[in-house]
Amino acid sequence: DEIQSNSIIIDISMGDHQTALVLDEDTAKQIAMQMMGTGEAPEVMDEAYLSTIAELANTILSSLSNNLGQKLKDNLVPSSPTARVYNSAMDFPGFATDRLKRLEFEVVLDNGIPAKLVQYIDEEAVEQWSNSLGAESRPAANNGRAGGYSAPRPEREQAPSMGQMSGGYQ
């Protein structure tokens, strides 16, 4: 699947590994609206709304990295998340590898609206953690789908087209 324009990307490092969460624009607006206690969705995702989404990602990934770090006896202290609106491949995080694992999670927001959260994580981390934790921890066992993905690696002068960003499921 391609990352849609105006999606929100939150990227964060966990120890030596990177991950990025992607929310479509409507889902991000619904979440930000609920978190900020406003009755109306924002027209655009400005810095205040992006900061709210980044804080949610920080909470989720801090909990994940703390629990996973204890099990793996590894330092997975998360960095501060960065949230931005995706407009082109230039907005995709600069992962240290082209080998990414793509995980999809179907979620239901508090207001009953179904949504999809997509996570990209470097495949080396997934392999390392899966081997450390055993077969029961494989990402495909989630309520989502897992698949391989090649990260876009744009040069700053010339970004790849959206078609170059699509990845397939295994």
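Note that these values count all heavy atoms, side chains included, but never hydrogens, waters or copies made by symmetry.
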Student: Check side chain to side chain contact (heavy atoms under 4.5 Å, CB included) between Ser62 and all other residues, then give those that pass, not counting sequence neighbours.
Tutor: Asn58, Pro78

Student: What distance do Arg99 atom CZ and Ile121 atom CD1 have between them, rounded to the nearest 0.5 Å?
Tutor: 13.0 Å

Student: Between atom CE of Met35 and atom OG1 of Thr59, what is the distance when rounded to the nearest 0.5 Å?
Tutor: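 Reported to 0.5 Å precision, the distance equals 6.5 Å.
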
Student: For Thr82, enumerate each residue passing the side chain to side chain contact (heavy atoms under 4.5 Å, CB included) test, keeping only those at least two apart in sequence or located in another chain.
Tutor: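 Thr82: side chain to side chain contact (heavy atoms under 4.5 Å, CB included) contacts with Asp11, Arg84.
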
Student: Any ring pair (Phe, Tyr, Trp, His ring centres under 6.0 Å) pairs touching residues 16-40, not counting sequence neighbours?
Tutor: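 For residues 16-40: His17-Trp129.
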
Student: Could you work out, with side-chain hydrogen bond (donor to acceptor under 3.5 Å, both in side chains) as the rule, every residue matching Gln18, not counting sequence neighbours?
Tutor: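 In terms of side-chain hydrogen bond (donor to acceptor under 3.5 Å, both in side chains), with neighbours along the sequence ignored, Gln18 is linked to no residue.
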
Student: Using the side chain to side chain contact (heavy atoms under 4.5 Å, CB included) criterion, which residues pair with Met45? Sequence neighbours excluded.
Tutor: Ile8, Ala28, Lys29, Ala32, Pro42, Tyr49, Leu50, Ile53, Val85

Student: To the nearest 0.5 angstrom, please state how far the CD atom of Gln4 sits from the CD atom of Glu25.
Tutor: 11.0 Å

Student: What are the two closest non-hydrogen atoms of Pro81 and Ala54, and how far apart are they?
Tutor: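 Where Pro81 meets Ala54 most closely, the heavy atoms are CG-O, 3.2 Å.
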
Student: Heavy atoms only: give me the nearest Val22-Ser7 pair and the separation to one decimal.
Tutor: CG1-CB, 4.0 Å

Student: Report yes if some heavy atom in the side chain of Thr27 is under 4.5 Å from a heavy atom in the side chain of Lys116; otherwise report no.
Tutor: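 With C-beta onward as the side chain, the pair stays apart.
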
Student: Between atom OG1 of Thr19 and atom OH of Tyr120, what is the distance when rounded to the nearest 0.5 Å?
Tutor: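 Taking OG1 in Thr19 and OH in Tyr120, the distance rounds to 11.0 Å.
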
Student: Run the numbers on Leu61 and Leu21 for side chain to side chain contact (heavy atoms under 4.5 Å, CB included), then give the verdict.
Tutor: CA-CA 10 Å; Leu61 291 173; Leu21 301 175; 4.0 Å; yes

Student: Does the side chain of Phe92 reach to within under 4.5 Å of the side chain of Ile3, using non-hydrogen atoms?
Tutor: yes

Student: Looking at residues at least two apart in the chain, or sitting in another chain, which of them share a side-chain hydrogen bond (donor to acceptor under 3.5 Å, both in side chains) with Thr52?
Tutor: none

Student: Shortest non-hydrogen contact from Leu100 to Asp122?
Tutor: CD2-CA, 3.8 Å

Student: Do the side chains of Ile10 and Met36 join up, straight or via other hydrophobic residues, at under 4.5 Å, putting them in one cluster?
Tutor: yes

Student: Around atom CD of Gln30, are there more than 12 heavy atoms of other residues, nucleotides or ligands at under 6.0 Å?
Tutor: yes

Student: In terms of hydrophobic clusters joined by side-chain contacts under 4.5 Å, are Leu109 and Met33 together?
Tutor: no

Student: Quick one: CD on Gln34 to CG on Leu56, what's the gap to the nearest 0.5 Å?
Tutor: 10.5 Å

